[in-house]
Amino acid sequence: MGFLAQIEDSLPSGLNEQDKIERVKVMYRDIQKTTFHFEHCWNILRHQPKWLSHIEGGNTKRRSNVSCSPSIPESINLGDETSPYSPTFDLERPIGKMAEEERMRKAKTRTKMVAFTIISELKSGKLKMHEEKMSMAKIEIEKQDEIENKRIKLKEIKEEREHKRMKIQERQEELNIMMMDVSNCYDYPTSVRCGCEVQ
């Protein structure tokens, strides 16, 4: 980035983009004592919004060339006709690392809140279900108690009726005995009837 800016500042404006790139390669090789190995990466990144904003922030002349010059081609072919990389202009700047971390943190917080809400609803739902089950069990117990009480009362009523029936039968027998006509009975001597002997 610095080498290209130096070439643009020092050379006349008659050079095309390809000549500038060739001169930058020579300058880099002379200063760094090695060739630039990341040209394919530079071709991919050079037109990306984040890269352009970084360049614009550092060099005002470069900013005017990038933003105002319609003669700059979108890609420069450096001899490789079948380059798999074709630079694209993405008008929306990618999210930075800190912004992405903040977005992820907020997403985790929202997820935790949703999970907490769901768990709370489930717990309250389980509590309601438990209360409903307890209420139903209580109602069932009350019904069973009521049925048992009715059964006991019916048994008592049945026993009481049986007792009354037996009393009525007993009285009927006593009444039958009392109402019996003894006039037709054999005529026994008085002494025999009363249990004493006649002399």
Side-chain angles (χ1 to χ4, degrees), residues 38 40-58 67 74-75 83-199:
F38 301 105
H40 61 285
C41 296
W42 180 75
N43 281 326
I44 293 170
L45 295 173
R46 65 185 287 206
H47 297 294
Q48 298 297 321
K50 195 168 184 179
W51 183 269
L52 291 173
S53 67
H54 182 66
I55 291 172
E56 288 172 5
S67 60
E74 286 185 15
S75 66
S83 174
Y85 306 107
S86 59
T88 59
F89 284 100
D90 188 9
L91 299 178
E92 187 176 324
R93 183 176 177 188
I95 298 174
K97 187 176 180 182
M98 290 179 69
E100 180 66 18
E101 287 175 358
E102 180 68 17
R103 188 184 67 76
M104 292 295 288
R105 187 185 62 76
K106 286 180 180 179
K108 282 182 184 177
T109 304
R110 276 195 305 270
T111 305
K112 285 180 183 177
M113 290 302 292
V114 168
F116 178 75
T117 305
I118 290 171
I119 289 171
S120 298
E121 288 174 359
L122 286 173
K123 283 183 179 177
S124 65
K126 283 184 179 179
L127 184 61
K128 285 179 184 177
M129 284 176 58
H130 180 70
E131 288 173 355
E132 287 175 5
K133 283 183 181 178
M134 292 299 290
S135 175
M136 288 174 68
K138 187 177 178 182
I139 290 169
E140 189 64 32
I141 290 170
E142 288 173 356
K143 283 182 181 178
Q144 292 294 334
D145 287 346
E146 190 177 336
I147 290 170
E148 184 64 22
N149 288 338
K150 284 182 180 179
R151 192 185 64 76
I152 291 170
K153 281 183 182 179
L154 285 172
K155 187 178 179 184
E156 288 174 355
I157 290 170
K158 199 173 183 181
E159 287 175 354
E160 190 177 330
R161 283 182 181 169
E162 183 64 25
H163 182 69
K164 283 181 180 178
R165 190 187 64 74
M166 288 182 73
K167 270 193 162 185
I168 290 171
Q169 188 177 357
E170 198 177 289
R171 282 186 184 168
Q172 187 66 35
E173 288 177 1
E174 287 176 0
L175 188 61
N176 286 343
I177 290 173
M178 293 199 52
M179 297 301 279
M180 200 185 264
D181 186 17
V182 283
S183 60
N184 295 337
C185 288
Y186 295 111
D187 216 5
Y188 290 109
T190 313
S191 61
V192 173
R193 273 191 261 148
C194 64
C196 55
E197 293 183 20
V198 178
Q199 295 187 2

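Values below: every heavy atom of this structure, side chains too, minus hydrogens, waters and symmetry copies.
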In this structure, CG of Asp145 is separated from CD of Glu140 (nearest 0.5 Å) by 10.5 Å
Between the CD atom in Glu148 and the CZ atom in Arg151, the distance rounded to the nearest 0.5 Å is 4.0 Å
Taken to the nearest 0.5 Å, the spacing of Met178 CE from Arg171 CZ works out to 12.5 Å
d(Asn149 CG, Leu154 CG) to nearest 0.5 Å is 11.0 Å
task: Might you work through the side chain to side chain contact (heavy atoms under 4.5 Å, CB included) test for Glu170 and Met166, ending with a clear yes or no?
output: CA-CA 6 Å; Glu170 198 177 289; Met166 288 182 73; over 6 Å; no
- Before accepting this row, confirm whether a basic side-chain N of the pair Arg105/Glu102 lies closer than 4.0 Å to the acidic partner's carboxylate O. yes
NZ (Lys153) and CD (Glu160) are apart, to the nearest 0.5 Å, by 12.5 Å
Heavy-atom distance under 4.5 Å between the side chains of His163 and Lys167, does that happen here?
-> yes
Carboxylate-amine/guanidinium contact Lys143 Glu146, below 4.0 Å:
no
So CD1 of Ile147 and CD1 of Ile152: to nearest 0.5 Å the spacing works out to 12.0 Å
Please determine whether a side-chain nitrogen of the Lys or Arg among Glu131 and Lys128 lies less than 4.0 Å from a carboxylate oxygen of the Asp or Glu.
no
query: Is there a side-chain contact between Met134 and Lys138 (heavy atoms, below 4.5 Å)?
result: no
Open item on the list: With a 4.0 Å cut-off on N to O distance, would you call Glu100 and Arg103 a salt bridge?
Closed with: yes
